[in-house]
Enquirer: 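Pasting in a structure now, in structure tokens, and then I'll have a few things to ask.
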Amino acid sequence: MVLAAVNTLPPGLTEEEAEEIRSELVKVEEEISTLRQVLLAKEKHSAELKRKLGLSPLNELKQNLTKGWQDVQTSNAYKKTQETLSVAGQKTTAAFSTMGTALSRKLGDMSNYSIRHSISMPAMRNSPTFKSFEDKVGNMKYKVVGARGNGEAVQSPTDTNPVQDNAPF
């Protein structure tokens, strides 16, 4: 029987050494259990103190998120992305401005063309190109402005019955 116990021991380890290691293992496992109990008691005490201070897990989460967002905003990647988006916004604004200027110039040219070539404005307004453009601009305005909430009637640019305009001009 003793021979079988010796055979289950790792090579080079005597029965006395194995017993000493088993004894030490039992002590370490008891210490681990004690430390778990102490940690659990400390966590409960910490939770009680936080409750008394009005610190909830939600408040802690908010604080962590705020700190995390501040860390993100101070990161180089965020700063570079912000700069890139700012430049892109400026370029987009410039492009729209240029497009608006070109469109205004083109409309002015159309008006000057009608005057120079004795085309009346009503004739120009009745042209298919102008009607198409007017409808598109009107539809865009209608989508942006929408129906007015002050009782004024707002017509869609594609309506065939225009609303009477009583403007003095």
Side-chain angles (χ1 to χ4, degrees), residues 1-109 128-129 131-159:
M1 199 66 139
V2 174
L3 189 57
V6 172
N7 286 340
T8 60
L9 295 176
L13 194 62
T14 66
E15 184 61 37
E16 289 178 357
E17 292 171 331
E19 191 56 41
E20 195 175 304
I21 291 173
R22 286 187 200 110
S23 173
E24 186 176 346
L25 178 61
V26 168
K27 287 179 185 177
V28 169
E29 288 177 346
E30 286 175 358
E31 288 176 2
I32 289 172
S33 176
T34 303
L35 289 172
R36 283 189 178 135
Q37 291 172 357
V38 169
L39 180 61
L40 182 62
K42 294 282 186 185
E43 287 175 338
K44 286 180 181 179
H45 184 63
S46 172
E48 180 64 23
L49 293 174
K50 287 178 181 179
R51 186 189 62 77
K52 287 180 180 178
L53 288 173
L55 300 175
S56 68
L58 182 60
N59 288 339
E60 287 185 58
L61 179 63
K62 286 179 185 177
Q63 289 172 353
N64 290 342
L65 289 175
T66 300
K67 177 152 180 14
W69 180 241
Q70 289 171 349
D71 291 346
V72 166
Q73 287 178 320
T74 58
S75 72
N76 286 335
Y78 180 84
K79 289 178 183 177
K80 287 181 180 180
T81 302
Q82 188 178 29
E83 290 171 9
T84 302
L85 290 176
S86 176
V87 168
Q90 291 170 356
K91 288 183 178 181
T92 303
T93 301
F96 279 128
S97 176
T98 302
M99 186 176 72
T101 302
L103 185 59
S104 295
R105 189 177 309 124
K106 195 68 167 173
L107 288 174
D109 291 348
T129 303
K131 283 284 188 192
S132 173
F133 176 75
E134 187 177 43
D135 284 347
K136 288 177 183 175
V137 170
N139 283 331
M140 190 181 332
K141 178 184 175 195
Y142 185 76
K143 287 178 182 176
V144 171
V145 174
R148 302 229 171 112
N150 59 3
E152 277 187 37
V154 175
Q155 74 182 57
S156 169
T158 56
D159 285 349

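What's counted below: heavy atoms across the whole structure, side chains too, no hydrogens, waters or symmetry copies. Nothing fancy with the numbering, it's 1 onward along the sequence.
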Enquirer: For atom CD of Glu60, decide whether the heavy atoms of other residues, nucleotides or ligands shown that lie under 6.0 angstrom number more than 12.
Expert: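 Enclosed.
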Enquirer: Nearest 0.5 Å please: distance from the CD atom of Glu83 over to the OG atom of Ser86.
Expert: 8.0 Å
Enquirer: Does a sphere of radius 6.0 Å around CD in Gln73 hold more than 12 heavy atoms from other residues, nucleotides or ligands, not counting ones at 6.0 Å or beyond?
Expert: yes
Enquirer: Under 3.5 Å, side chain of Thr66 to main-chain N/O of Lys62, donor-acceptor pair present?
Expert: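 Checked: pair present.
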Enquirer: To the nearest 0.5 Å, tell me how far Leu65 CG sits from Leu61 CG.
Expert: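 Going from the CG atom of Leu65 to the CG atom of Leu61 covers 4.5 Å.
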Enquirer: State, with a plain yes or no, whether a side-chain heavy atom of Lys44 is found less than 4.5 Å away from one of Leu40.
Expert: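 In contact.
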Enquirer: Where do Leu13 and Leu9 come nearest, in terms of heavy atoms and distance?
Expert: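 Looks like O-CD1, 3.6 Å.
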Enquirer: What's the spacing between Ser56 OG and Lys50 NZ if we round to 0.5 Å?
Expert: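 Going from the OG atom of Ser56 to the NZ atom of Lys50 covers 10.5 Å.
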Enquirer: Hey, what do you get for CD (Glu20) to CD (Glu16), rounding to the nearest 0.5 Å?
Expert: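 Result: 8.5 Å between the selected atoms.
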Enquirer: Check the pair Gln70 / Thr74 against side-chain contact (heavy atoms from CB on, under 4.5 Å), numbers first and verdict last.
Expert: CA-CA 6 Å; Gln70 289 171 349; Thr74 58; 5.7 Å; no
Enquirer: What do you reckon, is CG of Asn64 surrounded by more than 12 foreign heavy atoms closer than 6.0 Å?
Expert: yes
Enquirer: Between Glu48 and Lys52, does a side-chain contact (heavy atoms from CB on, under 4.5 Å) hold up when you go through it step by step?
Expert: CA-CA 6 Å; Glu48 180 64 23; Lys52 287 180 180 178; 3.4 Å; yes
Enquirer: Looking at Ala88, is its backbone amide N or carbonyl O close enough to the side chain of Thr92 to form a donor-acceptor pair, meaning the two atoms are under 3.5 Å apart?
Expert: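 Checking the backbone N and O of Ala88 against the side chain of Thr92, a donor-acceptor pair under 3.5 Å is found.
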Enquirer: Can you tell me how far the NZ atom of Lys79 sits from the OG1 atom of Thr81, to the nearest 0.5 Å?
Expert: 12.0 Å
Enquirer: Just by distance, do the side chain of Thr98 and the backbone of Ala94 share a donor-acceptor pair under 3.5 Å?
Expert: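 A pair under 3.5 Å: yes.
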Enquirer: Taking NZ, NE, NH1 and NH2 as the nitrogens, is one of them in Lys27 or Glu30 under 4.0 Å from a carboxylate oxygen of the other?
Expert: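 No salt bridge links Lys27 with Glu30.
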Enquirer: Hey, does the side chain of Ser33 reach the backbone of Glu29 with a donor-acceptor pair shorter than 3.5 angstrom?
Expert: no
Enquirer: Testing the basics here: between Gly54 and Asn59, what is the closest heavy-atom pair and its distance to 0.1 Å?
Expert: O-ND2, 3.2 Å
Enquirer: Could you tell me whether a side-chain N or O of Ser46 sits under 3.5 Å from a main-chain N or O of Lys42, the two making a donor and an acceptor?
Expert: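 No: the side chain of Ser46 does not pair with the backbone of Lys42.
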